[in-house]
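Heads up: the structure comes next, in structure tokens.
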Amino acid sequence: MPPVTLSEIRPDIEDAVLALRVAPGQERFVSGVADSLAEAAAAPEAHPWSRAVLDHGVPVGFVMLAWDVEPVDGLRGPYFLWKLLIDSRYQRLGHGTAALALVVREVRASGGDTLLTSCAPGDGSPQPFYEGLGFVPTGEVDADGEVHLALDLTTGEPR
């Protein structure tokens, strides 16, 4: 697994983080970084927590969570993986798995015992990736057709 770290989006890496792009055909599953940050700014009640995913200091991805929120009025929580984007040039190299392991460590350190996420089904969906790491469908499907998944953080590390 690559030596991955999470970092606040500092001015010296901001342009590189904003330039990250998923592979063609994946855009329907995850919005770009700028749109994600705008979405977060419009929902302060979600306590957005965003980080750049770095490999040896080079931005390779982006992650954003709703952080320690009361799950009311459409907010999922307390810990909801809102966005996970790995740039197309760095996919299938272990960066997503490594980033998720670091997110799990952060959530656990804050007292979380479950990490939630959702994704649209279909060809190219990240659902198999999440399930391969131990996320389990909750049986919920939201109004947008996204399948909800949960990772039990009390049972060890993501696979």
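The figures here come from the full heavy-atom set of this structure, side chains too, leaving out hydrogens, waters and symmetry mates.
- With respect to E27 and R21, no salt bridge is recorded, no charged nitrogen being found less than 4.0 Å from a carboxylate O.
- Between T114 and V107, the shortest heavy-atom distance links the atoms O-CG1, 4.5 Å.
- Side-chain atoms of E39 and W82 include a donor-acceptor pair closer than 3.5 Å.
- No donor-acceptor pair closer than 3.5 Å links the side chain of Y130 to the backbone N or O of A150.
- No donor-acceptor pair under 3.5 Å is formed between the side chain of D144 and the backbone N or O of E146.
- Within the 3.5 Å criterion, the main-chain N or O of G94 finds no donor-acceptor partner in the side chain of T97.
- Under the 3.5 Å distance criterion, the side-chain polar atoms of H148 are left unmatched by any main-chain donor or acceptor of S118.
- The side-chain heavy atoms of V17 and V33, taken from C-beta on, include a pair separated by under 4.5 Å.
- D55 places no side-chain N or O within donor-acceptor distance of the main-chain N or O of V58, the cut-off being under 3.5 Å.
- L116 is not listed as a side-chain neighbour of L81, based on a closest heavy-atom distance of 4.5 Å or more.
- Between W49 and W67, the angle of the ring planes stays under 30°, which puts this pair in the parallel group of the 30/60° scheme.
- A continuous path of ILVMFWY side-chain contacts below 4.5 Å connects F135 to L84, so both sit in one hydrophobic cluster.
- L149 contributes atom CG, which lies 6.5 Å from atom OG1 of T117 (distance to the nearest 0.5 angstrom).
- If you take CG on L65 and NZ on K83, they are separated by 12.0 Å, rounding to the nearest 0.5 Å.
- Residues L54 and L6 are not in side-chain contact: their nearest non-hydrogen atoms beyond the backbone lie 4.5 Å or more apart.
- Nearest heavy-atom pair across G32 and L85 is CA-CD1, 4.2 Å.
- In this structure, CG on L20 lies 8.0 Å from CG on L18, to the nearest 0.5 angstrom.
- Counting heavy atoms from C-beta outward, Y79 and D68 have side chains that approach closer than 4.5 Å.
- Expressed to the nearest 0.5 Å, how far OG of S125 lies from CD of E131 amounts to 8.5 Å.
- Of all heavy-atom pairs between P44 and P48, the closest is O-CD, 3.9 Å.
- Listed by chain and residue number, nothing satisfies the salt bridge (Lys or Arg N to Asp or Glu O under 4.0 Å) test with R51 (two or more places apart in sequence, or in another chain).
- V22 has its side chain out of reach of D87: every pair of non-hydrogen atoms, C-beta onward, lies at least 4.5 Å apart.
- Cluster membership check: V60 shares its hydrophobic cluster with L133, using side-chain heavy-atom separations under 4.5 Å among Ile, Leu, Val, Met, Phe, Trp and Tyr.
- The structure places CZ of R108 at 10.0 Å from CG of L115, a figure rounded to the nearest 0.5 Å.
- Pairing each heavy atom of V69 with each of H47, the nearest pair is CG1-ND1, 3.5 Å.
- Put simply, the side chain of R105 reaches to within 4.5 Å of the side chain of L102, judged on heavy atoms.
- The heavy-atom pair separating S50 from L37 by the smallest distance is OG-CD2, 3.8 Å.
- Ion pair R76/E140 flagged as a salt bridge, since at least one NZ, NE, NH1 or NH2 atom sits closer than 4.0 Å to an Asp/Glu carboxylate oxygen.
- Nearest heavy atoms, A120 versus F29: O-CE2, 3.4 Å.
- If you chain together hydrophobic residues whose side chains sit under 4.5 Å apart, Y90 and F62 never meet in one group.
- Side-chain N or O atoms of Q91 include one that pairs as donor or acceptor with a backbone N or O of I86 at under 3.5 Å.
- The cluster map of Ile, Leu, Val, Met, Phe, Trp and Tyr, joined by side-chain heavy atoms under 4.5 Å apart, puts F80 and M64 in the same cluster.
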